[in-house]
Amino acid sequence: MRAPTLIAAAAVALAACVPTASGPDRATLTVAGRNVTIAAPRGFCIDEAATNVSASGGFVMASDCALLGSAGVAAEGDANPLGAVLTASVSAAQLPEGGTLPELTRFVETPQGRAALGRSGRPDRIKVLATRTRGDVLYVLVEDRGPQPIAGIEPRFWRAFLDVEGRMTVLTVLGFDGAGVDPTAGLALIQRFADTVQAVNRPS
């Protein structure tokens with residue numbers, strides 16, 4: 001994928017894109033003719049009011065099942081409030097075979113990449129603190145010290161880039177201030193999120 005196409009796909013996937021079919025812990029979106037299922041890890045449930053899809057892509061948010069009135073979905077022993085929300089953005093752009101992760105890794109270090117990664121859109125206030133590749137998923141730890149659209153969210157958060165059914169998909173873990181979701185815990189959570197999404201979209 002050439003750099004301009006990659007930048008456009010990543011920017012669309014990172015943007016919040018009309019409600020679609022969903023369940024307590026998963027939502028299936030039809031994006032540009034492909035069905036993509038976003039499944040949340042244990043303890044998280046889909047916020048149907050925040051799930052939408054358009055011609056350019058789809059967006060899903062998941063938060064603590066207890067807060068959404070679906071406490072029964074959480075596994076026994078998960079009584080403590082979860083200190084994060086999860087989001088997934090699915091782009092209508094298709095990805096070519098091969099070479100995606102190396103190009104994405106280079107892209108996130110550019111000013112355009114930092115602007116797309118952050119939530120404030122201010123590349124001068126956004127840093128890439130770490131990148132990790134695990135399997136066919138790129139994980140990026142971002143610090144955004146610019147103005148935030150939602151108050152009470154930690155400035156450091158993880159994003160994961162992966163290909164799901166030929167669609168660029170970006171997963172995010174947003175921790176609440178003081179909730180104890182440090183970078184190590186955030187990485188473990190987003191890896192579980194990515195594993196869950198990949199599992200439910202794997203051919204049976």
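Being a predicted model, the structure only gives us computed values, none of them experimental.
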ask   = Between Thr87 and Phe193, which heavy-atom pair has the shortest distance, and what is it?
value = O-CE2, 3.5 Å
Side-chain (Arg167) to main-chain (Val31) donor-acceptor, under 3.5 angstrom = yes
ask   = Do Val142 and Leu129 come within less than 4.5 Å of each other through their side chains, counting heavy atoms only?
value = no
inquiry  = Please give me the minimum heavy-atom distance between Ile38 and Ala88, naming the atom from each residue.
reply    = CG2-CB, 3.7 Å
ask   = Taking all non-hydrogen atoms of both residues, which atom of Leu29 and which atom of Phe59 are closest, and how far apart?
value = CD1-N, 4.1 Å
ask   = If you measure from CH2 on Trp158 to CG on Leu187, what distance do you get to the nearest 0.5 Å?
value = 4.5 Å
request  = Check whether any side-chain N or O of Thr30 sits under 3.5 Å from a backbone N or O of Gly33 as a donor-acceptor pair, and report yes or no.
outcome  = no
inquiry  = What's the separation between atom CD in Gln198 and atom CG in Leu162, rounded to the nearest 0.5 Å?
reply    = 5.5 Å
query = Is the shortest heavy-atom distance from the side chain of Arg134 to the side chain of Asp195 under 4.5 Å?
reply = yes
key: side-chain contact (heavy atoms from CB on, under 4.5 Å) against Thr196, all qualifying residues, sequence neighbours excluded   = Ala39, Pro41
ask   = Will you find, in the side chains of Asp47 and Ser63, an N or O donor that is under 3.5 Å from an N or O acceptor?
value = no
ask   = Does a side-chain heavy-atom distance below 4.5 Å link Arg26 with Val200?
value = yes
query = Measuring from Arg114:CZ to Asp144:CG, what's the distance to the nearest 0.5 Å?
reply = 11.0 Å
request  = Calculate, to the nearest 0.5 Å, the distance between atoms OG1 and CG belonging to Thr169 and Asn201 respectively.
outcome  = 8.0 Å
task = Please tell me if the side chains of Leu104 and Phe161 come closer than 4.5 Å, counting only heavy atoms from C-beta onward.
result = yes
message = Within this structure, what is the CZ-CD distance for the pair Arg156 and Glu143, rounded to the nearest 0.5 Å?
response = 4.5 Å
query = Any side-chain donor-acceptor pair under 3.5 Å between Thr172 and Arg159?
reply = yes
inquiry  = One thing to verify: whether Arg145 and Asp124 come together as a salt bridge, which I'm taking to mean a side-chain N less than 4.0 angstrom from a carboxylate O.
reply    = no
key: Closest approach of Ala27 to Thr51 (non-hydrogen atoms, all atoms of both residues)   = CB-CG2, 4.4 Å
message = Counting C-beta onward and ignoring hydrogens, is there a side-chain heavy-atom pair between Thr105 and Leu138 closer than 4.5 Å?
response = yes
query = What pair of heavy atoms forms the shortest contact from Ala55 to Ala92, and how long is it?
reply = O-CB, 3.6 Å
query = Taking side chain as C-beta onward, heavy atoms only, is Asn52 less than 4.5 Å from Val60?
reply = no
request  = To the nearest 0.5 Å, tell me how far Tyr139 OH sits from Thr131 OG1.
outcome  = 13.0 Å
task = Compare every heavy atom of Val164 with every heavy atom of Val197, then report the nearest pair and how far apart it is.
result = CG1-CG2, 4.0 Å
ask   = Is a salt bridge present between Glu165 and Arg34, judged by a nitrogen-to-oxygen distance below 4.0 Å?
value = no
